[in-house]
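Any value given below was found using the heavy atoms of this structure, including those in side chains, with hydrogens, waters and symmetry copies removed.
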Amino acid sequence: MRNLAIGIYDDLDNQTQPVMYVNPALCNMIVFGGHMSGKTTFIKTLLVHMHENIDPSLETDIYILDFGGNLGQYKGLNLVSACFDNSNEENIRRIFRTVEDKVEKNVKILASRQFQEVYYSDEQKKPAHIMLIIDNVNSFLSDERYETYHDTLIKLCREGLSKGVSVVFTASDLSGGVSRYLGSFEMKFALEGSADKYVDIFGQRVSEPMRNSGRGVTIVNGKPREIQIFLPFMDEKKELPEFTENTLKIKTLTQHLKGFDGDLTEDNFFEFIADSIEEEIDTENPVVGLDYYDHLPVTVNMHDIHSVAIYGKKKFGKTNLLKVLIRSIRRSHPEYRFIFFDDGRKELEEIYQETGGTYITSLDEFSEFLDSKGYFAKMERGVINKDFVEKDNFGTVFVLQNKMLFQANGAQLLKNVFPRMIASAEEKGFWFIFSDVRKVGNNDRDTESSLNNSIAAAFLLDNISEFVSDRGSRSVFGEMDPKELKSEYARCSVGDGYYYDIESDDLKKIKIIKAD
């Protein structure tokens, strides 16, 4: 990356106004100022000039945390890998995780050398230049959701330049812990509104600059100088779209992160799917959503998985997920029959009316149905029906949402009937969906264990760390560490969830398709 013109400054000694240059690959920059003082304009100008000097042979990845809400228009620029605001906590975590992964790759390439040595050398394999921009860092630091990233951010500021990471902040003042980071910034700019903080920012007395947007103070060769920041465009609304379109014609090595914006639906599914997807989507198995991090389809493999459980809060999307599953199964396997085991709440009635099949609401009726249709022999007073005749019922989906299953009367089904049916499900073409798993009543550990051992995959629509530490401690998620989960995953919004393939011990946070 070349030196880039960012503005002009007043050289009082020589009575000239030279151009102020910065090299974004070699220094950290922080810009202070009040509202409408030009802080975000500084970032916009920097981004534009970086794109005017693109070197397609070098990888440059710019990650923007837009906590000021004014950089959304610039997320389409070629070198911008991601530009996320603070509306989705998981997207912020994804940026930090991606930056850390990029740093690890750089470290391997550098092999104990400094970034500057390799980046400007003639070597063919060079590390990426990674830029992390936080617009309104005060807001980021004061948000308790991101406290776990404070130490990571300090480390990036202090050590990042040697590994290819440069950091750019804008801040209103030194509040919220900004002063902890100040020593890591070689280049500091103070625009209008920061006059009372000049000594703290620069370590020396500085005269207040002329009151004008984009006008401020910086240090040049150890002396305070007034500076005027360049505008990115004379007419931003008119020139930015054309500029963006032109830069996109230049192929670069930049890898882009996609972020979810609102609901994920069948209509916009392919807008959010990863560009890197190579294989065709498996349409024979239910596709329930996209992985939050890789944006690859999350599919339930019906060839290997024959029992699925859904856990979650009320009104957090369990019925929506069930609709997605059943509609997908119905499309790919129209020959399957559906058995709905509901209760007095009749929460499955709407899905049943849409899908068809058999609708049952009582335990006795369900046991009688299994027996009479040749699925499994009923038991009365501990005695198995000796007249039972097994029949060919290949291709049956059982949707189980009767709350009585998890009380004393349902223990027989959970302990003996379902485990045996699931054990032969692959051979007989059965598929089980426990669509609203609850705690087993009366502290019945045997029944609970039988249920957990029968489940091959599970969905959770809840904040996983809280769920595991509370009522999920005896669920299929019970062996997980709540502290690790809390540090790894952000809180869930409606439409978010987790998919856990138990046999492969693979946990994914997913965005679930909205059915309606």
Side-chain angles (χ1 to χ4, degrees), residues 90 94 97 264 269 273-274 276-312 316-318 320-329 332-333 336 397-400 414 418-419 421-427 429-437 448-465 467-468 472-482 484-486 488-490 492 495-513:
E90 204 67 65
R94 288 176 65 213
R97 179 181 293 186
L264 177 66
F269 185 84
I273 201 167
S276 59
I277 187 169
E278 296 178 355
E279 300 178 0
E280 291 186 6
I281 298 176
D282 182 3
T283 56
E284 290 190 4
N285 293 307
V287 178
V288 295
L290 292 173
D291 181 287
Y292 236 105
Y293 296 97
D294 299 325
H295 279 232
L296 295 175
V298 177
T299 303
V300 182
N301 188 340
M302 293 181 65
H303 302 297
D304 301 327
I305 294 171
H306 292 269
S307 54
V308 174
I310 300 175
Y311 301 77
F316 222 70
K318 296 192 297 293
N320 174 76
L321 173 58
L322 185 60
K323 285 181 180 179
V324 171
L325 279 170
I326 291 176
R327 288 175 182 175
S328 185
I329 295 169
S332 57
H333 299 280
Y336 278 25
V397 179
F398 294 92
V399 184
L400 309 167
L414 293 182
F418 294 145
M421 293 180 71
I422 291 170
S424 59
E426 183 175 359
E427 173 191 350
F430 296 160
W431 217 60
F432 293 80
I433 305 175
F434 296 90
S435 54
D436 187 9
V437 179
E448 191 175 74
S449 179
S450 294
L451 173 63
N452 290 343
N453 291 334
S454 299
I455 297 170
F459 291 94
L460 172 63
L461 283 72
D462 197 349
N463 298 306
I464 191 166
S465 60
F467 176 82
V468 171
S473 58
R474 283 158 52 184
S475 70
V476 295
F477 300 92
E479 297 298 317
M480 298 180 182
D481 185 341
E484 289 184 7
L485 293 170
K486 186 174 183 179
E488 184 75 8
Y489 300 103
C492 280
D496 296 350
Y498 295 87
Y499 177 62
Y500 181 34
D501 185 329
I502 297 169
E503 184 173 344
S504 61
D505 193 26
D506 183 23
L507 178 68
K508 296 177 179 177
K509 185 167 186 180
I510 64 175
K511 189 73 170 178
I512 298 168
I513 296 170

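Below 30°, between 30° and 60°, or above 60°: for Phe432 and Phe430 the angle between ring planes is above 60°, a perpendicular geometry.
The line from CD1 of Ile273 to CG of Asp294 is 11.5 Å long, rounded to the nearest 0.5 Å. The structure places CG of Asn452 at 9.5 Å from CD of Glu479, a figure rounded to the nearest 0.5 Å. Rounding to the nearest 0.5 Å places CD1 of Ile433 at 12.5 Å from NE2 of His306. In this structure, Glu503 CD and Ile455 CD1 are separated by 14.5 Å, a value rounded to the nearest 0.5 Å. Taking CD1 from Ile510 and OH from Tyr293, the interatomic distance works out to 12.5 Å, rounded to the nearest 0.5 Å. For the atom pair Leu461 CG and Asn320 CG, the distance stands at 8.5 Å (nearest 0.5 Å).
Taking 4.5 Å as the limit, some side-chain heavy atom of Ile310 sits within range of a side-chain heavy atom of Leu325. Taking the side chain as every heavy atom from C-beta outward, Tyr500 and Asp505 approach each other to under 4.5 Å. Looking at Pro297 and Leu290, their side chains come closer than 4.5 Å, going by heavy atoms from C-beta outward. Side-chain atoms of Leu460 and Phe467, non-hydrogen and from C-beta on, do get closer than 4.5 Å to each other. The shortest distance between side-chain heavy atoms of Pro286 and Ile329 falls below 4.5 Å.
In terms of modelled atom types and a separation under 3.5 Å, the side chain of Thr299 and the main chain of Val287 share no donor-acceptor contact. Panel note: side chain Asn463, backbone Ser465; no donor-acceptor pair is recorded below 3.5 Å. In this structure, Asp501 contributes its side chain and Val300 its backbone to no donor-acceptor pair below 3.5 Å. Listed for the Ser328 side chain is no donor-acceptor partner under 3.5 Å among the backbone atoms of Val324. Between the side chain of Asn301 and the main chain of Asn285, no donor-acceptor pair closer than 3.5 Å is present. The main-chain N or O of Ile305 is found under 3.5 Å from a side-chain atom of Trp431 such that the two form a donor-acceptor pair. Looking at Ser435, its side chain never comes within 3.5 Å of a backbone N or O of Val399 through a donor-acceptor pair.
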Using the side chain to side chain contact (heavy atoms under 4.5 Å, CB included) rule, take Phe434 and Leu451 through it: C-alpha gap first, then chi angles, then the decisive distance, then the call.
CA-CA 10 Å; Phe434 296 90; Leu451 173 63; 4.0 Å; yes
Starting from the C-alpha separation in whole Å, work towards a yes-or-no answer on side chain to side chain contact (heavy atoms under 4.5 Å, CB included) for Asp496 and Glu90.
CA-CA 10 Å; Asp496 296 350; Glu90 204 67 65; 5.8 Å; no
Start with the C-alpha distance between Asp436 and Tyr311, add both sets of side-chain angles, then the distance that settles side chain to side chain donor-acceptor pair (under 3.5 Å), and finish with yes or no.
CA-CA 6 Å; Asp436 187 9; Tyr311 301 77; over 6 Å; no
Starting from the C-alpha separation in whole Å, work towards a yes-or-no answer on side chain to side chain contact (heavy atoms under 4.5 Å, CB included) for Met480 and Glu488.
CA-CA 12 Å; Met480 298 180 182; Glu488 184 75 8; over 6 Å; no
Apply ring-ring contact (aromatic ring centres under 6.0 Å, His included) to residues Phe477 and Tyr498 and explain how you reach the verdict.
CA-CA 11 Å; Phe477 300 92; Tyr498 295 87; 7.9 Å; no
Could you go step by step and tell me if Glu284 and His303 meet the side chain to side chain contact (heavy atoms under 4.5 Å, CB included) rule?
CA-CA 10 Å; Glu284 290 190 4; His303 302 297; 3.7 Å; yes
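For Arg94 against Tyr292, the heavy-atom pair with the smallest separation is NE-O, 3.1 Å. Residues Ala457 and Tyr499 approach most closely at CB-OH, 3.5 Å, considering heavy atoms. Nearest heavy-atom pair, Phe269 versus Gly289, reported as atom, atom and distance to 0.1 Å: CE1-O, 4.0 Å.
For Asp291, there are no side chain to side chain donor-acceptor pair (under 3.5 Å) partners, not counting sequence neighbours.
Between Phe418 and Phe398, a ring centre-to-centre spacing not shorter than 6.0 Å is recorded.
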